[in-house]
Colleague: 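I'd like to ask you about the structure that follows.
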Amino acid sequence: MQAWRVHRNGEPSEVMELEETDRPTPGDGQVLLKVLAANINFPDALLCRGQYQVRPPLPFTPGVEICGETEDGRRVLATPALPDGGFAEYVVADAAALLPVPDALDDAEAAALHIGYQTGWFGLHRRAHLQAGETLLVHAAAGGVGSAAVQLGKAAGATVIGVVGGPEKAAIARRLGCDLVIDRRSEDIVTAVKEATGGRGADVVYDPVGGDAYAKSVKCIAFEGRVVVVGFASGTIPAPGLNHALVKNYSIVGLHWGLYNTKDPAAVRACHDELTKLAAQGVVKPLVSERLPMADAARGVQRVADGTSTGRVVVLPAGGTR
């Protein structure tokens with residue numbers, strides 16, 4: 001089969017190589033899946049760079065979430081078992097963790113539903129306890145993780161403010177349903193949020209960026225606000241001033257969604273049931289901006305790494321368009 005392999009750490013476009021290799025062999029409790037679509041996530045770039053919290057042995061295949069097909073023809077969502085990730089024609093995955101694909105989504109959309117939307121749901125509901133009528137501030141609102149949070153925030157009845165970089169991404173954030181869009185390149189985030197909220201600030205901040213995004217967020221956080229730390233796409237990990245959190249009376253909560261797979265797998269399945277309902281209602285629908293053939297996977301991962309993509313970029317190993 002064909003698979004993208006990484007033999008040394010570095011930038012995705014430089015270290016990902018398309019090769020012929022053997023199909024992975026399922027172990028105890030695992031199944032072999034045909035990959036219908038593999039969604040590109042920022043962690044795939046971190047894996048290539050050797051900067052992710054999990055460091056599989058070299059060589060490995062990146063790709064942390066897929067829509068796959070079982071031997072009996074069922075479409076399922078899976079997180080492939082590294083080092084044999086999803087940018088391949090076949091993967092193995094834990095049978096007990098497979099989730100059914102919502103009928104409302106095609107293969108590419110389904111591949112983008114799992115990690116990003118689960119992260120958004122757990123972040124907004126389990127960690128931040130977002131309430132209807134509250135104001136949610138989403139950084140990188142036109143990106144893969146941010147776009148999921150925007151849709152889930154609107155589904156929860158929140159007023160959603162999206163932060164983006166540039167007019168093209170601003171237009172996408174508006175189409176996603178943001179009530180207000182702030183272009184960080186031409187507008188001051190703190191001033192805009194305070195003006196939009198009558199000086200109160202944002203009740204919940206969803207931050208997959210870190211760095212300056214975090215620094216601006218805590219300057220416009222509401223009384224008893226919650227900052228959800230999701231990731232550090234900027235490359236800069238903030239050093240929070242806990243004295244500031246004390247004086248301003250806000251909470252900083254971290255979210256490592258992957259822990260729920262081992263600590264509370266029942267919650268993951270319950271979340272998937274909720275996401276399936278929302279997909280059936282048309283309330284959530286992953287924004288797939290590009291559907292790439294297998295040969296273009298490395299280019300796609302690099303674009304996600306560089307922050308130039310919008311929505312989700314999905315690889316279709318079989319060359320299909322579903």
Colleague: Atom CZ in F87, atom CG in L18: separation rounded to 0.5 Å?
Modeller: 12.0 Å
Colleague: Please evaluate residues L152 and L278 with respect to the criterion side chain to side chain contact (heavy atoms under 4.5 Å, CB included), reporting the C-alpha separation (whole Å), side-chain torsions for both, the decisive distance (0.1 Å), and the verdict.
Modeller: CA-CA 9 Å; L152 290 169; L278 293 175; 4.0 Å; yes
Colleague: Could you state the interatomic distance from OG1 (T61) to CE (M16), rounded to the nearest 0.5 Å?
Modeller: 8.5 Å
Colleague: Is a salt bridge present between D106 and R291, judged by a nitrogen-to-oxygen distance below 4.0 Å?
Modeller: yes
Colleague: What distance separates F60 CZ from L82 CG, expressed to the nearest 0.5 Å?
Modeller: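 Taking CZ in F60 and CG in L82, the distance rounds to 8.0 Å.
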Colleague: Salt bridge or not between R226 and E134? Use side-chain N to carboxylate O under 4.0 Å.
Modeller: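 Result for this pair is yes, salt bridge flagged.
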Colleague: Please determine if K219 and D188 form a salt bridge, counting it only when a charged side-chain N lies under 4.0 Å from a carboxylate O.
Modeller: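 Salt bridge absent between K219 and D188.
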Colleague: On a heavy-atom basis, which atom in A222 and which in D203 lie closest, and how many Å separate them?
Modeller: CB-OD1, 3.9 Å
Colleague: List the atom of E65, the atom of N39, and the distance in Å for their closest heavy-atom pair.
Modeller: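 Smallest interatomic distance, heavy atoms only, reads OE2-ND2, 2.6 Å.
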Colleague: Before giving the answer on side-chain hydrogen bond (donor to acceptor under 3.5 Å, both in side chains), spell out for T70 and D72 the whole-Å C-alpha distance, their side-chain angles and the decisive distance to 0.1 Å.
Modeller: CA-CA 5 Å; T70 63; D72 59 3; 2.3 Å; yes
Colleague: Salt bridge check: are D183 and K169 linked by an N-O gap of less than 4.0 Å?
Modeller: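 No salt bridge links D183 with K169.
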Colleague: Any salt bridge linking R75 with E69? Criterion: basic side-chain nitrogen under 4.0 Å from a carboxylate oxygen.
Modeller: no
